[in-house]
Amino acid sequence: MSLRQIIILITVALAVMVVLPGLGRYGAYIVYVVAIASIGALALNLLIGYCGQISFCHGGLLGVGAYAAGNIGNAGQDMVVALVGAGIVTAFVSVMIGLPALRLRGLYFAISTLAAQFILEYLFRLIEPWTHGVSGLLIQPAPFFGLDLSNDRGYAAIAVGLLVMSLIAVSRLLRTDLGRRFILIRDSEIVARGMGVNVARTKLWAFAISGFLAGMSGGLLAFTSRIAAPEAFEIALSVDYVAMIIVGGLGSLPGAVIGAGFVVLLPEVAQRIGETFGAATQTAALREMVFGLLIILFLIHEPRGLNSLASRAVRRLRRTSGPLSNNKRSSASDLEMTQARL
Amino acid sequence: MLDVSGLSVRYDSVIAALEGIDFEVGEGRIVALLGPNGAGKSTLLKAIAGMLPFEQGEIASGKAVFDGVLLNGKHPAAITRSGIALVQDGRQCFRNLSVGENLKAASFRHSKGAEDRLQLVLTYFPILEEFYARPAGVLSGGQLQMLVIGMALMIQPRLLMLDEPSLGLSPVMVQSVFEIVERLHQDLGMTVVVAEQTVPRLMEIADDVYVLSRGHSVLHAPPDEIDEDRLQSLYLS
Amino acid sequence: MRKSLVIAAFGALLASPSNAVSADINVCIWGTITGPDALVNGMSYGARDYFEYLNEAEGGIEGHKVHTVLLDGRYKLDEEQKNYRRCVSEENAVFINGWSTGAVKSLRDQIQSDAVPFMTDSHSSEVLDPKKFPYIFMAGPTYEQQILIGLRSAAKAGGKRVVIMHANNEYGRAPVEVVRKSGAIEEMGLELVDQIEFPFDTQDLTGQILRVKNIDPDLVFVQASTPQMLVVLRDAAKVGLPASLFMGNMYNISPAIPEQLGASAEGFRSIQLYADFGSDIPAMKDINKYGESNTIEKRDTYYMKGWYQGIAMSTAIRNAVKKAGGVPDDLVAFRNSVRDEMENLPSLDTGGITPVVNYANHQGPTQARISEIKGGSYTAVGEWIDAE
Amino acid sequence: MFVLQLAVAGIAIGSVYALIALGIVLIYKCSGVVNFAQGGYAMLGAFITYGLTSVGLPSVIALVLAIAVMGGLGALTQILVLRPMLKAPVVAVMMATLGILITFRAVCLLIWGPDQIGFPALFPIGAIELSGIFMTYNYIAAFLLSAILCAGFLAFYHYTPIGLMQRCTADNTRAALAVGIHVSNQVTIAWTASAMLAGLGGALLASLNGLSLGLSNIGLVAFPVIVLGGMTSLPGAVVAGLVLGILQAVTDGVLTPAIERFLREHTDIYSVGTLQQVIPYALLVLVLLVRPQGIFGTKESERV
């Protein structure tokens, strides 16, 4: 991410913040739900899209973050402390889940994360002292750097701010040696090993960093919904997150945000459209169907995700608008381009 | 019989593997296709057999014609049926299936006279009869090479293409592989293309030699015009 | 660029039509339209239909049309949270009717700070407290009270050993834990010999039922919704346990049980709080009248519950409108006034769906009776019992 | 006696797990695709059977028709969705099958609504009591049918020309292409067979357990089964299915009560919750760590 892009990003974020007071609570709610999901999707994209470790327990990890943040917050700590704490706890759990990755590859590892998801769900219901079992952990509002921001607009500001910070941090990370090692492992573990990469340690770093971000995202979710309950972190949520990064674009930072927006907002938009004609059951069915079909269609026609579609559209615009265009670039070099942009 | 002209191949739409190759095989001839590792020999054979689309490759320009029929864009199964058998590198067979099943599988598309061909293959390769009910995975490298050539024969080809059959074999095995190629040529009048890096034995039986380097065709000559030194210099060019 | 897509999508969302502006009185309902316990969603349809009925038959409340929104919470916490925010801040609802125990519990503090009257479909004791949660109202006895009513009937019948089965969610586990820890079971002279938890989205409970069979209790009380009860009774029949051994709560009176299980549902008992659909009561006339020109989605006791909730909510709204001499412009004042009127509802006639109620306790009716499946339909056995 | 009764229930359910898992393994062997939608095919098969009986067809004919429809649907999804995704990354293909699952659920929701439905009796209602062990006709029929089908399918796979082509495709795609086998057609056949197995399994399951959208969850239960059996072993899937069915029943009936009794006597903990839901997955993790290729599977080497 270039300096220019960072500036654009921050400007957009500031613009969102300026607009926020004008939004209703529902509007603000939508903003922070998308922003929080974006942080979660970013975490998962780091793992799957950049390091090639397919995970189906992201929902469970967000849950770990939520419970951790809730417990720290309820103990009277500042929200910032709670979020960082949640990040550390979740990073630890994520590394635990990642340990089998040292022995298992690809599909087998993916299925072991499926197991992790179900075991986490079970533990959420079981460990009453930390999770309050099925009742869920009620979470008291906490100050943010001492400020009282415990309302929907305040949460939106925090979430957007954190998202921008995470985006910048991850894009910086990808430029370091560690980041490059992630990509090497994704492309071929054997080649990476041949080049002297400590595959085990690098993978665990990916799990730790991804877990940290997931924990923060889950923690924010907990504070905004005032409860961390097991039903909120089930396998369906993990599936949603995988959908986000694939729809947005594997191995693409903007893709995480776009994918999160898509997956969170699409059902809502479909619902609103459905409400204008159909009965409630049909609306619900239609909304699911649109979701399922669009995912399939995207995967067939735009396997590199919405981000690639968007960047191609932008390029086409530039091409028609001025001499800066580069007509020689074939569509096949998109992948390299997206990677170069990062 | 086989006529390839101006053939260019790309992988992943960007990496050029072959540029403007002309390659001709006359009926009843043994053609040697030489070149260093990565010269594009396998790619050329795969392009003819229609296997490229399964490895992210595509024919960018040029054409391959077999007996007047255009091969471009045809499914490998159809090309196989029209009488071209490719013995791929790495001795590709079904290692979890028995030797017999391997041979049976190869004759699915050419069931007519399969029994006779099976007998023929077993006479050529008695070792296959011995291991008939055992999984192919237990065979040694040389035996595997026999099996895959046997499988190719079950297809009842008129054009047999072998991709680096000697790779990884002991000199004795290499010797017997080429003996078999020669026998096939003599007994059955089969047209054969053999791709190799460098094998003096091949020069003795070949009628025609093509040399590839870095995706380009660098030489086409009868075998007596080619010696080890000339090849080395071509490979390094 | 990256954000602009999101913002565009979200702008489109905000710009999408919201009909809230034209109506004077907004009521917002969310239930499980689709989702694991959709079988009992008649109560959401019933409440909506009552307001629609008012619009058709009486031109709304005091001449003001009521605009009702029915949303689908899908029994998912985040979806219900979203629905709540939409109801409170976008639909400007003066009364909200919401679904699951988990969601209502997580929202109880916000309901308090938003000061919006809230009718909960959940009967959890943890959201019932006129002092701590003055805006939350319930439509009958709590789950805990229902469990005690059920167990008491077992004690009366001379039973001794009881088992409680429950789903692994808030609705299932929490009330059972409260009852067990209260010691009330022992006070009745009963012994709780086992407590069995099972998955809420269960498809097969043979193992658990065999565990019950092994214990051989006098009564099994099941704290679950109808879909799980279907599994329980079906698997009980598989291993030769009679349905009469089992008892469910208010959410197990469903025609689906005798319809799908036939003879193996005979003798199953559950707690009834509201009149059956089709009973000979005044409210049924209104429902039939409404049904002449509208579809009635569910014809069961939960529809009746919803209808009754509609009566209670609308009466409070009517009283508030009357008092102010029109719909107040200030939504906050309107909500507060509705809350006050709700609390002060004088002996409310629910058209026979429940005995006459008042809402000083925020609980409405506190009476229940036991209903048993006999000859393929639910039949009341015994009189109304007061939960207290 | 008690344990025997549990085992009977476990075997009945387990044999259906095996049927569902067979389909997943079949597709995976042939094309390397992990089909998360298998539960969706099972659910759809059951719903279509139900839909056909509700328009008046006898249940056996409805079942046969539904299985045929499922076969067509399996082929169609392979051609429309999977073929264009040949070059897509593994995780994208996984997600596409999840998309299929979501779509199937939505279709069923739209047509048949969210409520649990009483499934028509495929087999006579009633039970045999053998010295205290109840065996419903449903159980017996589900077990027998699954057993016959598994055996029949394995025989088909090993002794017919199509079976041989399937095995060739699964063994080595390049070699299969070279001997003239139309690989993508073989993959289509695998999807067809797999969808038919799933449809039948779904209908059997619905006759045991009733019908609702929740039936599609069976697909997730099948994953521990296939991993325990080894992703590439068809007989392994059958054995693992039975083992898992019995294990779950025993967990529900014996293990959980024993643990809870112990905990209640010696600690403050009263319940261990729904242990049977995690037992298969806990076992899965263990097996994966000790023997990553599963109990019956063969080791695959990573391609560079």
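Order of the sequence lines sets the chain letters (A, B, ...), proteins ahead of strands, with each chain counted from 1.
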Which of residues 259-281 of chain D get closer than 4.5 angstrom to chain A, counting heavy atoms alone?
Ser271(D), Val272(D), Gly273(D), Thr274(D), Leu275(D), Val278(D), Tyr281(D)

Give the member of Ile295(A), Leu99(A), Ile54(A), Asp187(A) that has the highest number of heavy-atom pairs under 4.5 Å with chain D.
Ile54(A)

Not counting sequence neighbours, which residues clear side-chain hydrogen bond (donor to acceptor under 3.5 Å, both in side chains) with Asn45(A)? List them please.
none

Please rank Leu126(A), Leu294(A), Leu104(A), Leu297(A) by heavy-atom pairs under 4.5 Å with chain D and give me the top one.
Leu104(A)

Quick one: closest heavy-atom pair of Leu284(D) and Ser112(A), and the distance?
CD2-CA, 4.3 Å

Could you tell me which of Leu293(A), Ile235(A), Val242(A), Leu107(A) has the largest number of non-hydrogen atom pairs under 4.5 Å with chain D?
Leu107(A)

What's the separation between atom CG in Leu220(D) and atom CZ in Phe118(A), rounded to the nearest 0.5 Å?
4.5 Å

Give, as side chain, backbone, both or neither, the part of Ala110(A) having an atom under 4.5 angstrom from any heavy atom of chain D.
side chain

Would you indicate whether the side-chain heavy atoms of Phe36(D) and Val239(A) approach each other to under 4.5 Å?
no

For residues 96-116 of chain D against chain A, heavy atoms under 4.5 Å, the residues are Ala96(D), Leu98(D), Gly99(D), Ile100(D), Ile102(D), Thr103(D), Ala106(D), Val107(D), Leu109(D), Leu110(D), Pro114(D)

Is Phe109(A) close to chain D through its backbone or its side chain, or both, or neither, when contacts mean heavy atoms under 4.5 Å?
neither

Shortest non-hydrogen contact from Ala92(D) to Ile246(A)?
CA-CD1, 3.9 Å

Which bit of Val91(D) is near chain A, if near means a heavy-atom gap under 4.5 Å: side chain, backbone, both or neither?
both

If we define contacts as heavy-atom pairs under 4.5 Å, which of Val285(D), Val81(D), Leu283(D) has the most with chain A?
Val81(D)

Provide the closest heavy-atom pair for Pro89(D) versus Leu250(A) in the form atom of the first, atom of the second, distance.
CG-CD1, 3.9 Å

Between Ile300(A) and chain D, which part of the residue has a heavy atom less than 4.5 Å away: side chain, backbone, both or neither?
both

In short, salt bridge (Lys or Arg N to Asp or Glu O under 4.0 Å) pairs touching residues 110-133 of chain A with sequence neighbours left out are Arg125(A)-Glu234(A), Glu128(A)-Arg173(C)

I need the minimum non-hydrogen distance between Arg103(A) and Arg291(D), along with the two atoms involved.
NH2-N, 4.5 Å

To the nearest 0.5 Å, what is the distance between CD1 (Ile48(A)) and CE (Met94(D))?
9.0 Å

When the 4.5 angstrom heavy-atom criterion is applied to Met85(D) and chain A, the contacting part is side chain

